[in-house]
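Take a look at the structure below.
Side-chain atoms are counted along with the backbone in the values below, which use heavy atoms only and exclude waters and symmetry mates.
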Amino acid sequence: MNDVTFDFQENGMFVGLPGGQAYFNYYWLHDACVSCIDPQTRERVFDTSELSAPPRATSAHVDGDMVVIGWQDEAQASHVPIVLLEEVAANGRANDSAEIARSLWYHDHLPDITRISQTAVTDTKEGRARLTRALIEDGIAIVTDMEPSTESLPRLAEAIGPITPSAEGLFFDVRVEIEPTNLAFTAGPLEMHTDLPGEETAPGVQFLHCLENTVEGGLSLFLDGAAVAEALRDEDPEAFDLLSRHYIPFFYRHDNWDYRAHQRVIETDLDGNVTGVTISQHLQDNMDLPQELLDRYYPAFLKFIRMMREDRFLMRFRSEAGNCVVFDNHRIVHGREGYVADSGSRHLRGCYTDRGALRSTYRVLARQGYTGERAVEEVQARA
Ligand SMILES: [Fe+2]
């Protein structure tokens with residue numbers, strides 16, 4: 001590639017790439033050198049703070065797929081991959097295989113939900129890639145044919161990431177309890193919520209393994225919080241702004257614990273995209289935003305909660321023994337209709353892993369060529 005041009009400035013240089021010209025800061029170029037990363041540990045080994053003077057480029061040329069940059073008063077040149085410069089010029093950062101656009105879904109998503117057997121996930125890379133990609137794109141998937149034992153759930157979860165504990169420990173059981181610590185452990189209806197927002201880092205990915213369900217009622221309810229948030233952004237931008245900007249308090253309190261944390265109801269990333277929501281009326285602490293702000297915040301907050309009860313967003317289905325619903329606890333809002341406690345048995349066993357582990361697993365698989373993409377026919381069928 002000989003048509004790359006260089007125009008040296010005081011603190012950086014313009015690089016003319018086939019896709020257009022882009023500016024790169026000298027510190028950044030110095031840090032982007034492939035020799036700054038140790039091939040053994042894959043960690044950064046050059047400490048930029050040890051430079052005695054700001055780096056200043058004196059020469060640059062293309063060698064194969066690298067730009068080679070010579071520096072004033074430095075013996076060693078930097079080698080920066082051209083593909084990296086192109087990616088940063090196009091998107092502001094290097095490409096990330098796990099940065100996959102969310103596919104928002106509504107009440108009629110059930111026939112399209114990704115279903116995959118437990119052994120496909122635990123025993124094959126294709127299966128693992130399929131599940132992790134669905135969790136990034138749709139935020140939810142159903143793992144079928146779960147082996148009916150207590151070891152079954154950790155085997156599935158650990159295929160995605162390490163199990164992360166909560167106040168309840170590594171696992172929790174959702175069934176009627178004599179002395180419940182949470183509304184979930186009763187037969188009553190459970191309003192739409194995300195789990196444990198009172199924890200500083202609320203659980204990332206939730207697994208709910210249905211071991212038994214013979215009761216009357218108790219349908220599971222799920223919705224895509226990102227779809228509701230985007231609908232709010234369209235319908236009431238000021239409400240969206242309030243909920244995505246301000247943090248409100250949540251708790252999780254009982255005899256032996258007293259967790260408290262502040263969260264944004266609508267979570268956005270650096271680009272302003274909705275990445276998730278946090279909602280839980282039963283774990284909502286008294287608001288501590290300035291009282292005058294509450295004049296505007298409460299109506300926006302209640303509007304969002306009421307939207308979550310609208311049929312256009314709600315997906316209802318019956319949890320069946322042998323299935324495990326896996327979902328992004330920061331995006332997918334879930335609840336349950338009430339059931340008749342003595343009409344049968346209902347027992348779900350759950351645990352969590354974190355979103356970082358999910359993406360890490362997906363990146364490793366994608367690097368090995370397992371992207372988990374749906375076949376063309378499936379995409380057409382969904383359209
Ligand atoms: Fe829950």
Side-chain angles (χ1 to χ4, degrees), residues 102 104 106 139 164-168 180-184 188-206 221-310 312-314 327-336 352 354-356:
R102 285 171 189 76
L104 303 183
Y106 301 87
T164 47
S166 69
E168 308 282 343
T181 56
N182 191 301
L183 263 180
L190 191 54
E191 100 277 335
M192 300 305 288
H193 67 281
T194 53
D195 271 20
L196 302 178
E199 296 197 1
E200 190 175 349
T201 309
V205 176
Q206 179 166 179
L221 309 172
F222 288 90
L223 63 75
D224 183 353
V228 185
E230 289 296 356
L232 181 71
R233 176 161 27 204
D234 278 355
E235 293 164 26
D236 190 341
E238 199 201 339
F240 178 91
D241 186 58
L242 285 162
L243 299 185
S244 60
R245 186 189 297 248
H246 299 290
Y247 288 75
I248 61 168
F250 294 91
F251 61 72
Y252 191 38
R253 210 171 271 159
H254 216 267
D255 292 345
N256 296 319
W257 57 76
D258 187 351
Y259 287 84
R260 301 176 200 192
H262 285 75
Q263 314 281 357
R264 285 186 299 163
V265 169
I266 296 176
E267 173 195 283
T268 49
D269 64 16
L270 295 173
D271 302 323
N273 299 313
V274 174
T275 52
V277 300
T278 295
I279 203 92
S280 181
Q281 286 158 277
H282 63 281
L283 298 174
Q284 173 76 64
D285 210 342
N286 291 328
M287 294 273 192
D288 55 4
L289 290 171
Q291 295 291 322
E292 292 76 14
L293 179 57
L294 291 176
D295 291 349
R296 290 184 294 129
Y297 192 89
Y298 258 113
F301 182 55
L302 299 182
K303 180 174 198 166
F304 191 52
I305 290 172
R306 288 183 188 122
M307 281 175 81
M308 292 194 184
R309 296 182 192 137
E310 292 180 24
R312 60 175 162 151
F313 297 115
L314 275 174
F327 57 98
D328 181 341
N329 181 56
H330 291 251
R331 170 177 166 189
I332 305 304
V333 185
H334 63 286
R336 178 192 69 211
Y352 308 104
D354 72 47
R355 293 164 118 191

Fill in: By side chain to side chain contact (heavy atoms under 4.5 Å, CB included) - contacts of E168 (at least two apart)
S166, F172, T181, F185, Y252, W257

Worksheet item: With sequence neighbours left out, what residues match D269 under side chain to side chain contact (heavy atoms under 4.5 Å, CB included)?
Response: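 Once residues adjacent in sequence are excluded, the partners of D269 under the side chain to side chain contact (heavy atoms under 4.5 Å, CB included) criterion are D271, N273, T275.
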
Is the backbone N or O of [Y] less than 3.5 Å from a side-chain atom of [X], with the two atoms forming a donor-acceptor pair by type?
{"X": "Q263", "Y": "F250", "result": "no"}
{"X": "N329", "Y": "Q206", "result": "no"}
{"X": "H330", "Y": "A202", "result": "yes"}
{"X": "R336", "Y": "G188", "result": "yes"}
{"X": "S244", "Y": "I266", "result": "no"}

Distance-only donor-acceptor pairs under 3.5 Å for side chains of residues 292-309, two or more places apart:
residue, atom, partner, partner atom, Å
R296, NH1, E238, OE2, 3.4
K303, NZ, D236, OD2, 2.9

Discussion item. Run V277 and V228 through side chain to side chain contact (heavy atoms under 4.5 Å, CB included) and show every step you take.
Written reply: CA-CA 9 Å; V277 300; V228 185; over 6 Å; no

Worksheet item: With T194, which of V333, D328, I332 fulfils side chain to side chain contact (heavy atoms under 4.5 Å, CB included)?
Response: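 By the side chain to side chain contact (heavy atoms under 4.5 Å, CB included) criterion, T194 pairs with just one of V333, D328, I332: V333.
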
[atom1]-[atom2] distance between [X] and [Y], expressed to the nearest 0.5 angstrom:
{"X": "N286", "Y": "I248", "atom1": "CG", "atom2": "CD1", "value": "11.5 Å"}
{"X": "T201", "Y": "Y352", "atom1": "OG1", "atom2": "OH", "value": "13.5 Å"}
{"X": "H193", "Y": "L221", "atom1": "NE2", "atom2": "CG", "value": "10.5 Å"}
{"X": "R245", "Y": "T268", "atom1": "CZ", "atom2": "OG1", "value": "10.0 Å"}
{"X": "F240", "Y": "L232", "atom1": "CZ", "atom2": "CG", "value": "7.5 Å"}
{"X": "D258", "Y": "F251", "atom1": "CG", "atom2": "CZ", "value": "9.0 Å"}

Worksheet item: Just wondering, do L314 and M192 contact through their side chains at under 4.5 Å, heavy atoms?
Response: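 Sidechains of L314 and M192: in contact.
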
Practice prompt. Would you indicate whether the side-chain heavy atoms of E199 and Y259 approach each other to under 4.5 Å?
Written response: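 In short, these two side chains touch, coming nearer than 4.5 Å.
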
Minimal non-hydrogen separation, [X] against [Y], with atom names:
{"X": "H334", "Y": "F327", "value": "ND1-CE1, 3.4 Å"}
{"X": "L190", "Y": "H282", "value": "CD1-CE1, 4.2 Å"}
{"X": "Y106", "Y": "A227", "value": "CE2-CB, 3.8 Å"}

Discussion item. Set out, in order, the CA-CA distance, both residues' side-chain angles and the distance that settles side chain to side chain contact (heavy atoms under 4.5 Å, CB included) for V274 and R233, then state yes or no.
Written reply: CA-CA 10 Å; V274 174; R233 176 161 27 204; 3.8 Å; yes

Discussion item. Does R253, at its CZ atom, have more than 12 non-hydrogen atoms belonging to other residues, nucleotides or ligands within less than 6.0 Å?
Written reply: yes

Worksheet item: Do T278 and Y247 pass the side chain to side chain contact (heavy atoms under 4.5 Å, CB included) test, and can you show the C-alpha distance, the side-chain angles, and the key distance before you say yes or no?
Response: CA-CA 10 Å; T278 295; Y247 288 75; over 6 Å; no

Worksheet item: Are a donor atom and an acceptor atom from the side chains of H262 and D285 found within less than 3.5 Å of each other?
Response: no

